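Just so you know, these numbers come straight off a predicted model, no measurement behind them.
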Amino acid sequence: MKKVRKTILVTFIMLAALTAGLVWLLTRGGSVSDDFAGKIAKEQSDQNEERAYLTEMEHKAKELQMSGENKNVLNFDTKNVYDTKNSLSARQRLDRVIKRITPSFEEPLIAANPFGTNLNSFYFYFTTESPGMVRYTVTVADQSVPDHVRYVNNGQENNLSKTHEFTVSGLVPGMTNFVMIEVLGRDGNVKKSQIYKYGAKGASAAAKLSVKKGNSKDTVHNGLYFVLPAAEKEIYAYDNSGILRNVTMTESGHGRRVYQSGDSILYQVSDTKVVKVSAIGQVLGTAVASGYGKIRDFAYDGYDNVYTLVRKKKRDYVLAISFQTGKTKTAYALPENVRAVSLSMQGGGTAYIACSAPEGIIKLEALTSQAPRVALILGKKNDWKKIPSAKNSWKKKVTKDKDPANWDLKSSLLTLVQDRSNGTADMLSTYLFNKEKGTGVVFTVDGKNKSTAVNHSFPTGQSGRCGCEVYEDHFLISNFDRGVFAEYDDRGKVTKEFSAGKAVDAVTKLSLNGMCFYGGTQ
């Protein structure tokens with residue numbers, strides 16, 4: 001296995017510094033003590049052996065009831081969930097109720113999945129007399145299920161606020177869940193506490209994945225694994241112990257991607273629709289690719305446009321669809337005899353397209369402008385010179401680099417780890433086949449010198465549809481056909497391996513820090 005650990009670690013350190021700087025600006029630089037930050041990370045790992053469950057909770061907890069004499073939870077109409085107008089109406093109803101009753105910690109406003117996007121979730125709103133932060137803990141009687149602990153991110157300095165609005169997720173389907181809501185001070189001292197209980201609805205997915213410990217000394221990084229099963233329309237989120245913590249509903253299908261962008265999450269809900277959803281589950285925007293058949297892949301520029309890879313009359317196109325206006329335009333049209341497999345970008349107008357015919361990867365620049373251009377092509381010159389273009393311009397764009405020229409990209413799910421629009425190398429990851437050996441790779445593309453460098457290589461030998469992506473300084477390699485995925489450390493050793501027991505279309509891992517959860521490192 002190739003290892004260029006120094007290069008990639010330096011890259012991650014730089015990215016972490018940039019991210020920390022952005023968060024500092026957004027939250028006005030507040031921070032907690034190092035000890036408290038460490039405690040937050042440990043509690044949010046979903047692997048903590050300490051559990052909050054006590055038998056007396058059965059009698060002390062307030063039951064969340066949506067009907068009857070003791071009803072304490074609001075119900076909402078969940079038809080046409082992914083219509084922004086309906087989602088806005090739900091938001092407005094919440095605001096009216098908040099204004100009317102002035103919710104307190106003792107008497108909060110609680111609504112059951114008001115936006116209809118997440119099964120077994122509850123919206124909470126209340127105010128407190130003094131600033132604090134909210135921690136919620138989901139615990140069950142089953143000792144094999146670790147507690148699900150999250151510190152709510154409220155975006156204020158030191159994460160302290162008098163106003164608290166959040167959605168509790170993480171309830172285990174098919175079990176009686178106890179939800180402990182606590183208001184904490186800056187150093188984590190508990191000011192107020194309340195316990196609720198709820199018998200969560202079951203889900204069609206397994207409540208627990210099969211989990212195997214690897215031979216790495218590292219532990220898996222904090223976050224949730226988003227599993228997109230084949231032949232099912234829901235998206236399932238599992239924690240680091242393989243426990244099902246969230247079920248995201250869609251209309252008819254989920255595609256192959258889930259992205260976090262700032263304080264929002266993006267995913268497909270049908271073959272032709274991509275949505276943008278807030279931390280509390282409200283649908284903020286929809287992008288519909290009509291008249292082009294199925295969306296085969298999509299990416300987001302971080303601002304307004306969703307870029308979708310589609311096919312019409314045997315020709316592949318990249319469409320730009322505006323969340324704000326709903327308008328669709330052709331951002332780039334590929335030549336008729338080029339077949340695209342996947343699309344990836346991270347803002348800045350740079351995009352990469354993996355192609356199966358001819359084999360190769362196209363780098364596009366200025367995709368957000370009126371005149372996008374091909375910067376380079378990773379492939380074989382003899383294959384690309386057959387593509388019709390003025391003065392063989394396609395052939396002139398092809399790099400001589402030997403690595404990508406030998407890559408089999410027919411089932412590649414390409415991921416742009418970091419877009420470096422300032423001229424330095426972009427970093428990408430994918431799973432490919434080289435001389436019939438399945439390998440996950442992380443590589444950089446130097447646009448100036450038209451060359452690539454493989455930073456990490458994971459020759460697992462797995463066949464069929466597979467994926468490889470970077471998560472912080474770890475790597476997630478998935479065998480989609482088998483429904484098996486594993487998190488690797490930077491030395492190529494497995495931390496944990498999970499099995500869904502059935503085929504999936506994709507697996508990705510997201511932290512949701514800064515969106516739903518507070519990382520404690522601001």
| field | Tyr259 side-chain N/O to Phe298 backbone N/O, donor-acceptor pair under 3.5 Å | value | yes
| Check: Phe126 ring centre within less than 6.0 Å of Phe105 ring centre | yes
| Side chains of Gln268 and Thr250: closer than 4.5 Å at any heavy-atom pair? | no
| message | Could you check whether any side-chain heavy atom of Phe124 comes within less than 4.5 Å of a side-chain heavy atom of Pro103, counting everything from C-beta outward? | response | no
| Any residue meeting side chain to side chain contact (heavy atoms under 4.5 Å, CB included) with Ser252, in chain and number order, not counting sequence neighbours | Ser270
| request: Look at the aromatic rings of Tyr123 and Tyr125 and report parallel, tilted or perpendicular, splitting at 30° and 60°. | output: parallel
| request: Please examine the side chains of Tyr225 and Phe498, heavy atoms only from C-beta on, and report whether any two atoms are closer than 4.5 Å. | output: yes
| request: Report the C-alpha distance between Arg257 and Thr415 in whole Å, list the side-chain angles of each, state the deciding distance to 0.1 Å, and finish with yes or no for side-chain contact (heavy atoms from CB on, under 4.5 Å). | output: CA-CA 10 Å; Arg257 302 279 194 181; Thr415 300; 3.3 Å; yes
| message | Let me confirm one number: the CD1-CG distance from Ile265 to Leu512, rounded to the nearest 0.5 Å. | response | 5.5 Å
| request: For Ser478, check side chain to side chain contact (heavy atoms under 4.5 Å, CB included) against everything at least two apart and list the hits. | output: Leu476, Phe480, Phe485, Val507
| message | I'd like to know if Arg91 and Asp95 make a salt bridge, using a cut-off of under 4.0 Å between side-chain N and carboxylate O. | response | yes
| Pair Lys162, Asn154: side-chain N/O donor-acceptor within cut-off below 3.5 Å | no
| message | Counting only heavy atoms not in Lys85 (residues, nucleotides, ligands), do more than 12 fall under 6.0 Å from its NZ? | response | no
| Pair Thr139-Asp147, side-chain donor/acceptor within less than 3.5 Å | yes
| task | Give a yes or no on whether the backbone of Asp304 and the side-chain of Asp301 come within a donor-acceptor separation of less than 3.5 Å. | result | yes
| said: Using modelled atom types and a 3.5 Å cut-off, is there a donor and acceptor pairing between side-chain atoms of Gln260 and backbone atoms of Asn513? | reply: yes
| Under 6.0 Å from the CD atom of Glu56, do we count more than 12 heavy atoms belonging to anything else shown? | yes
| Carboxylate-amine/guanidinium contact Asp505 Arg256, below 4.0 Å | no
| remark: Rounded to the nearest 0.5 Å, the OG atom of Ser429 sits from the OH atom of Tyr471 at a distance of 14.5 Å
| message | Go through it in stages, so that I can follow the logic: the residues are Lys502 and Glu232, the test is side-chain contact (heavy atoms from CB on, under 4.5 Å), and I'd like the CA-CA distance, side-chain angles, deciding distance and then a yes or no. | response | CA-CA 11 Å; Lys502 55 186 175 182; Glu232 295 182 38; 2.4 Å; yes
| field | Side chains of Val168 and Ile181 in contact at under 4.5 Å (non-hydrogen atoms) | value | yes
| field | Heavy-atom pair of closest approach, residues Leu228 and Gly255 | value | CD2-O, 3.4 Å
| request: Give a yes or no on this: more than 12 heavy atoms of other residues, nucleotides or ligands lie within 6.0 Å of atom NZ of Lys62. | output: yes
| Considering only heavy atoms from C-beta outward, does the side chain of Thr308 approach that of Ile321 to under 4.5 Å? | yes
| message | Any side-chain to backbone donor/acceptor pair from Arg186 onto Met133? Under 3.5 Å, distance only. | response | no
| So, Thr117 side chain and Gly281 main chain: donor-acceptor pair closer than 3.5 Å or not? | yes
| task | First locate atom CG of Leu510, then atom OG of Ser261, and finally report the distance between them rounded to the nearest 0.5 Å. | result | 11.0 Å
| query | Side chains of Arg150 and Asp46: closer than 4.5 Å at any heavy-atom pair? | reply | yes
| Considering all heavy atoms of both residues, which atom of His254 and which atom of Pro229 are nearest to each other, and what is their separation? | NE2-O, 2.6 Å
| task | Please indicate whether Glu129 has more than 12 foreign heavy atoms, meaning atoms of other residues, nucleotides or ligands, lying under 6.0 Å from its CD. | result | no
| Within 6.0 angstrom of Lys191 NZ, more than 12 heavy atoms from elsewhere | yes
| Sidechain N-carboxylate O distance under 4.0 Å for Asp239, Lys208 | no
| Is a side-chain N or O of Lys197 found less than 3.5 angstrom from the main chain of Glu58, in a donor-acceptor match? | yes
| message | Is it the case that over 12 heavy atoms from other parts of the model lie below 6.0 angstrom from the CG atom of Asp34? | response | no
| Phe122 ring center within less than 6.0 Å of Tyr196 ring center | no
| said: With heavy-atom distances below 4.5 Å as the criterion, would you say the side chains of Tyr431 and Thr460 are in contact? | reply: yes
| task | Check the side chains of Asp35 and Ser33 for a donor-acceptor pair under 3.5 angstrom, ignoring hydrogens and angles. | result | no
| Arg135 and Glu182 ion-paired at < 4.0 Å | yes
| task | In plain terms, say whether Glu106 and Lys192 are close enough for a salt bridge, that is, a side-chain N and a carboxylate O under 4.0 Å apart. | result | yes
| query | When rounded to the nearest 0.5 angstrom, what distance separates CD in Glu487 from CZ in Phe475? | reply | 10.5 Å
| note | What one should report as the nearest heavy-atom pair of Val211 and Gly242 is CG2-CA, 4.1 Å
| Would you say the side-chain atoms of Ser344 pair up with the backbone N or O of Leu416, donor to acceptor, closer than 3.5 Å? | yes
| field | Closest contact, heavy atoms only, His148 versus Gly170 | value | CD2-CA, 3.6 Å
| request: Find out whether Val494 and Ser216 are in side-chain contact, i.e. whether some heavy atom of one side chain is under 4.5 Å from a heavy atom of the other. | output: no
| request: Heavy atoms only: give me the nearest Thr137-Ala52 pair and the separation to one decimal. | output: CG2-CB, 4.1 Å
| note | The reported gap from SG in Cys468 to NE2 in His456 (rounded to nearest 0.5 angstrom) is 10.0 Å
| message | A quick test of your reading: do over 12 heavy atoms of other residues, nucleotides or ligands sit less than 6.0 Å from CD of Glu107? | response | no
| said: Looking at every heavy atom in both Asp489 and Arg491, which two are closest together, and how far apart are they? | reply: OD1-N, 2.8 Å
| request: Determine yes or no for a side-chain-to-main-chain donor-acceptor pair under 3.5 angstrom, with Lys60 supplying the side chain and Ile195 the backbone. | output: no
| said: Run the ring-ring contact (aromatic ring centres under 6.0 Å, His included) test against Tyr136 and tell me which residues pass, sequence neighbours left out. | reply: none
| What distance do Leu171 atom CG and Leu244 atom CG have between them, rounded to the nearest 0.5 Å? | 11.0 Å
| Pick one: which of Leu94, Val283, Leu88 meets side-chain contact (heavy atoms from CB on, under 4.5 Å) with Phe115? | Leu94
| request: Mark yes or no for whether Gln44, through its side chain, and Tyr151, through its backbone, hold a donor-acceptor pair below 3.5 Å. | output: yes
| message | Please determine whether side-chain contact (heavy atoms from CB on, under 4.5 Å) holds for the pair Leu413 and Asp297, giving the CA-CA distance in whole Å, both sets of side-chain angles, and the decisive distance to 0.1 Å. | response | CA-CA 9 Å; Leu413 189 61; Asp297 203 2; 4.2 Å; yes
| said: Tell me whether Lys294 at atom NZ has more than 12 heavy atoms from other residues, nucleotides or ligands lying less than 6.0 Å away. | reply: no
| request: Let me know which of Val247, Asn246, Asn113 forms a side-chain contact (heavy atoms from CB on, under 4.5 Å) with Leu119. | output: Val247
| request: Give a yes or no answer on whether the side chain of Asn80 reaches the backbone of Asp83 with a donor-acceptor pair at less than 3.5 Å. | output: no
| Would Tyr236 and Ser204 count as having a side-chain donor-acceptor pair, cut-off 3.5 Å? | yes
